[in-house]
Amino acid sequence: MSRPTIEPCADAGAAAEIAAAAIEEALVRAVQARGEGAFIATGGTSPGETYDRLAQAELPWAKIAVTLSDERRVPVSDPMSNEGQLRARLLVGKAAAARFIPLEEEAIAAAEPFDVALLGMGEDGHFASLFPDSPLLAEGLDPADGRRRVIEVPAGEPAPPQPRLSLTLPVIAACDLILILTRGEAKRRILETGSGLPVHTLLARSQGQVRLIWHP
Ligand SMILES: O=C(O)[C@H](O)[C@@H](O)[C@H](O)[C@H](O)COP(=O)(O)O
């Protein structure tokens with residue numbers, strides 16, 4: 001599959017508007033097609049405004065499941081908790097009716113298939129908690145048994161200080177739509193011309209559409 005082209009946006013607000021509209025459309029389509037929808041959300045600084053918009057969307061939220069691409073092993077009350085951000089910014093208002101799926105193997109298996117994923121990307125080309133040069137990377141990209149959905153990522157270089165949990169690539173790659181929301185020239189270069197990083201493996205292996213939503 002050829003690499004998708006960057007969709008440049010004027011600023012973070014414009015990028016969030018496009019991302020929220022795309023997620024909304026994908027979830028409506030999923031509920032129409034199979035009676036329910038499932039969304040892989042993410043952490044980091046990029047998705048907050050998208051969650052604010054989505055939280056107010058007129059969606060059949062009671063039929064929608066939401067999980068995370070990855071999580072730090074910290075209490076939900078910790079500002080570093082992705083679940084904490086999700087509960088504060090997305091699972092409020094109308095979207096409070098959605099069902100949160102914890103990052104646990106059985107819960108994720110029961111919630112599959114996921115329809116749409118929103119991801120960020122680091123300047124090292126990581127997505128979720130699949131970091132280049134990590135001893136866990138191979139297992140995250142190609143689980144040995146082919147069915148592993150969630151992996152534990154230990155703390156320390158090259159990963160950040162807290163231990164984490166991450167979905168494996170196959171769970172994310174199976175989505176009908178993957179949105180990668182990024183900002184800045186360094187990330188744009190990675191997406192346009194880079195190679196060999198975890199995000200490039202995702203681009204190569206995604207089974208549905210990938211949209212690269214970017215702003216300066
Ligand atoms: O919890 C996290 O930190 C992530 O899920 C991680 O993969 C993130 O999406 C990227 O590091 C980009 O982060 P920014 O959005 O802050 O650039």
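Atoms within a ligand are numbered from 1 in the order they appear, just like the ligands themselves.
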> Atoms of ligand 1 less than 4.0 Å from His126 heavy atoms?
Replying inline: 6 (C), 7 (O), 10 (C), 11 (O)
>> For atom 13 (O) of ligand 1, what is the closest protein heavy atom, and at what distance to 0.1 Å?
In response: Gly44 CA, 4.0 Å
> With backbone taken as N, CA, C and O and side chain as the heavy atoms from C-beta onward, which portion of Met121 lies under 4.0 Å from ligand 1: side chain, backbone, both, or neither?
Replying inline: backbone
> Salt bridge or not for Arg3 and Glu192, using N-O below 4.0 Å?
Replying inline: no
> Is it true that atom CD of Glu106 has more than 12 heavy atoms of other residues, nucleotides or ligands lying nearer than 6.0 Å?
Replying inline: no
> Does a side-chain N-to-carboxylate-O contact under 4.0 Å join Lys63 and Glu36?
Replying inline: no
> What protein heavy atom sits nearest atom 16 (O) of ligand 1, and how far off is it?
Replying inline: Thr45 OG1, 2.6 Å
> Which protein non-hydrogen atom lies closest to atom 4 (C) of ligand 1, naming both residue and atom, and how far is it?
Replying inline: Asp70 OD2, 3.4 Å
>> Under a 4.0 angstrom heavy-atom cut-off, which atoms of ligand 1 come close to Ala128?
In response: 6 (C), 7 (O)
>> Between Asp142 and Arg148, does any NZ, NE, NH1 or NH2 come within less than 4.0 Å of an OD or OE carboxylate oxygen?
In response: no
> Ser81 side chain to Ser77 main-chain N or O, any donor-acceptor pair under 3.5 Å?
Replying inline: no
> Which atoms of ligand 1 sit under 4.0 Å from any heavy atom of Lys187?
Replying inline: 17 (O)
> Looking only at heavy atoms, is any part of Ser129 under 4.0 Å from ligand 1, and if so is it the side chain, the backbone, or both, or is it neither?
Replying inline: neither
>> Assess whether a salt bridge exists between Glu24 and Arg53, defined as any Lys/Arg side-chain N lying under 4.0 Å from an Asp/Glu carboxylate O.
In response: no
>> List ligand 1 atoms under 4.0 Å from Arg72, heavy atoms only on the residue side.
In response: 1 (O), 2 (C), 3 (O)
> With a cut-off of 4.0 Å, which atoms of ligand 1 are near a heavy atom of Ser46?
Replying inline: 14 (P), 15 (O), 17 (O)
> Between Ser166 and Ser129, do the side chains contain an N or O donor and an N or O acceptor separated by less than 3.5 Å?
Replying inline: no
> Which of the atoms in ligand 1, numbered in the order shown and given with their element, are less than 4.0 Å from a heavy-atom of Asn82?
Replying inline: 1 (O), 2 (C)
>> As an exercise, identify every atom of ligand 1 less than 4.0 angstrom from a heavy atom of Thr42.
In response: 5 (O), 9 (O)
> Is Asp115 paired with Arg34 through a side-chain N to carboxylate O contact shorter than 4.0 Å?
Replying inline: yes
>> Pair Arg211, Glu7 - check salt bridge (charged side-chain N to carboxylate O under 4.0 Å, His left out), show working.
In response: CA-CA 7 Å; Arg211 292 181 62 181; Glu7 299 179 44; 2.7 Å; yes
> Tell me, which protein residue and heavy-atom name are nearest atom 9 (O) of ligand 1, and how many Å apart are they?
Replying inline: Gly120 CA, 3.4 Å
